[in-house]
Amino acid sequence: MTIAWPGDGCGDRREGAITGAAGRALAAPDDRILIERAQAGDREAFEALVHRYDRDVLRIALNILHRPEDARDVYQESFLKIYKNLPRFRFECSFYTWIYRVVTNVCLDQLRRRNSRPEDQAPEPALRSRGDTSTGDFFDRQQERGAASDPERRLMGLEIGRRISTALDQLTPRERIVFEMKHYQGLKLRAIGEVLGTTEETVKNSLFRATRKMRTQLEGLL
């Protein structure tokens with residue numbers, strides 16, 4: 001089940017209400033031309049929109065889910081939903097704001113499925129052996145090299161990461177997505193409410209519960 005939204009799903013009608021918080025500029029001037037052509041059935045115009053926003057969609061999914069395999073699934077499902085619901089878009093907010101809400105709803109569904117079928121969760125990546133730099137990006141390798149000279153620091157970092165991951169898994173899907181959007185994406189409570197189609201007060205309550213659970217799980221580390 002997804003979060004329902006009224007009309008075309010823009011939430012706040014002021015242009016850029018979400019995009020400003022997410023650090024994204026307003027839609028390019030020719031977005032409207034591409035959108036109108038895509039709404040009329042022009043496949044090439046829709047493909048151009050996909051190429052324009054595909055990195056944003058994947059980035060949002062990765063920021064929320066922290067699992068590349070889940071993010072890829074969300075990427076595919078999100079663009080299917082964007083394609084099916086594009087005729088409902090009425091230019092009452094930026095296209096990115098509308099996309100952001102679609103992707104967030106799909107991520108929330110993914111978190112619900114993850115919680116309902118824990119046996120289907122992807123295993124945590126195995127720790128790489130010392131000196132193995134065949135996987136991971138440049139920044140991961142630099143962090144590993146820096147920690148290699150301090151084994152105690154390295155072990156503490158791994159333990160903190162494991163505890164945080166376990167603590168996040170204890171949250172409900174809504175609590176987790178609110179916590180992620182607030183602390184990892186830096187969105188204001190009002191903006192989160194607009195994305196989730198709820199009130200700022202409801203978001204505040206969800207964040208309070210999530211923070212309390214996280215503090216309990218991370219007791220001794222904070």
Side-chain angles (χ1 to χ4, degrees), residues 1-114 116-117 120 122 137 173-174 176-178 180-181 184-188 190-198:
M1 182 181 71
T2 57
I3 300 172
W5 59 79
D8 63 4
C10 289
D12 190 346
R13 304 306 187 198
R14 294 168 302 161
E15 192 77 5
I18 304 299
T19 59
R24 164 92 184 191
L26 296 181
D30 59 341
D31 263 7
R32 187 180 188 104
I33 297 173
L34 289 175
I35 293 167
E36 289 176 341
R37 284 172 51 194
Q39 288 175 328
D42 188 331
R43 276 290 186 90
E44 291 185 359
F46 182 74
E47 289 175 3
L49 287 171
V50 171
H51 289 309
R52 180 169 291 179
Y53 289 97
D54 58 354
R55 290 186 179 182
D56 291 309
V57 169
L58 189 58
R59 175 181 53 79
I60 294 167
L62 280 170
N63 283 345
I64 293 174
L65 300 172
H66 302 293
R67 291 181 180 175
E69 62 277 8
D70 287 351
R72 284 192 290 269
D73 291 341
V74 164
Y75 173 93
Q76 297 288 342
E77 187 176 346
S78 294
F79 273 115
L80 282 175
K81 287 184 178 291
I82 289 167
Y83 180 76
K84 291 178 180 178
N85 290 285
L86 192 59
R88 299 173 60 190
F89 183 68
R90 293 292 180 265
F91 302 96
E92 294 178 342
C93 63
S94 75
F95 190 54
Y96 178 79
T97 298
W98 186 73
I99 285 177
Y100 193 102
R101 189 160 193 178
V102 172
V103 178
T104 302
N105 273 280
V106 177
C107 286
L108 186 54
D109 285 345
Q110 182 74 15
L111 288 172
R112 288 191 182 113
R113 288 193 292 268
R114 185 189 292 178
S116 64
R117 298 197 304 272
D120 293 339
D137 63 18
R174 180 176 289 270
R176 175 165 181 159
I177 207 166
V178 167
E180 299 267 4
M181 292 171 78
Y184 290 103
Q185 300 183 49
L187 294 183
K188 302 288 187 182
R190 181 178 181 182
I192 297 172
E194 290 159 4
V195 171
L196 298 180
T198 189

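As a basis for the values below, the full set of heavy atoms in this structure was taken, side chains included, without hydrogen atoms, waters or symmetry mates. Note that the structure is predicted; figures quoted are calculated from it, not measured.
Between atom CZ of residue Arg37 and atom CG of residue Leu49 there is a gap of 9.0 Å, rounded to the nearest 0.5 Å. Of the inter-residue distances, the one linking Ile64 atom CD1 with Gln110 atom CD reads 11.0 Å to the nearest 0.5 angstrom. Here the CZ-CH2 distance, from Phe91 to Trp98, works out to 10.0 Å after rounding to the nearest 0.5 Å. Here the CD1-CZ distance, from Ile82 to Phe95, works out to 6.0 Å after rounding to the nearest 0.5 Å. If you take CG on Asn63 and SG on Cys107, they are separated by 9.5 Å, rounding to the nearest 0.5 Å. In this structure, CG on Leu80 lies 10.5 Å from CG on Asn85, to the nearest 0.5 angstrom.
With sequence neighbours left out, Arg72 forms a side-chain contact (heavy atoms from CB on, under 4.5 Å) with Pro68, Glu69. Legend: residues meeting side-chain contact (heavy atoms from CB on, under 4.5 Å) with Glu77, ordered by chain and number and at least two apart, are Lys81, Val106, Arg113. For the side-chain contact (heavy atoms from CB on, under 4.5 Å) test, residues two or more places apart in sequence or in another chain that qualify with Ala71 are Leu58, Ala61, Leu62.
Using a distance-only test at 3.5 Å, with no hydrogens or angles considered, a donor-acceptor pair links the side chain of Gln39 to the main chain of Leu86. Distance alone, capped at 3.5 Å, places no donor-acceptor pair between the Arg174 side chain and the Leu108 backbone.
Aromatic rings of Tyr83 and Phe79 (six-membered ring for Trp) have centroids beyond the 6.0 Å cut-off, not under it.
Annotation: side chain of Ile177 is in contact with side chain of Leu111 (closest heavy-atom distance under 4.5 Å). With a 4.5 Å cut-off on side-chain heavy atoms, Met181 and Thr104 count as touching. Proximity of Ile60 to Tyr96: side-chain heavy atoms (C-beta onward) are separated by under 4.5 Å at one or more points. With contacts defined as side-chain heavy-atom distances shorter than 4.5 Å, the pair Asp56/Arg59 qualifies.
Nearest heavy atom pair, residue Ser78 against residue Val102, reads O-CG1, 4.0 Å. Taking every heavy atom of both residues into account, Arg101 and Gly197 meet most closely at NH2-CA, 2.6 Å.
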> Is there a side-chain contact (heavy atoms from CB on, under 4.5 Å) between Leu34 and Arg52 once you walk through the steps?
Replying inline: CA-CA 11 Å; Leu34 289 175; Arg52 180 169 291 179; 3.7 Å; yes
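Ion pairing between Glu180 and Arg176 holds under the 4.0 Å rule for side-chain N and carboxylate O.
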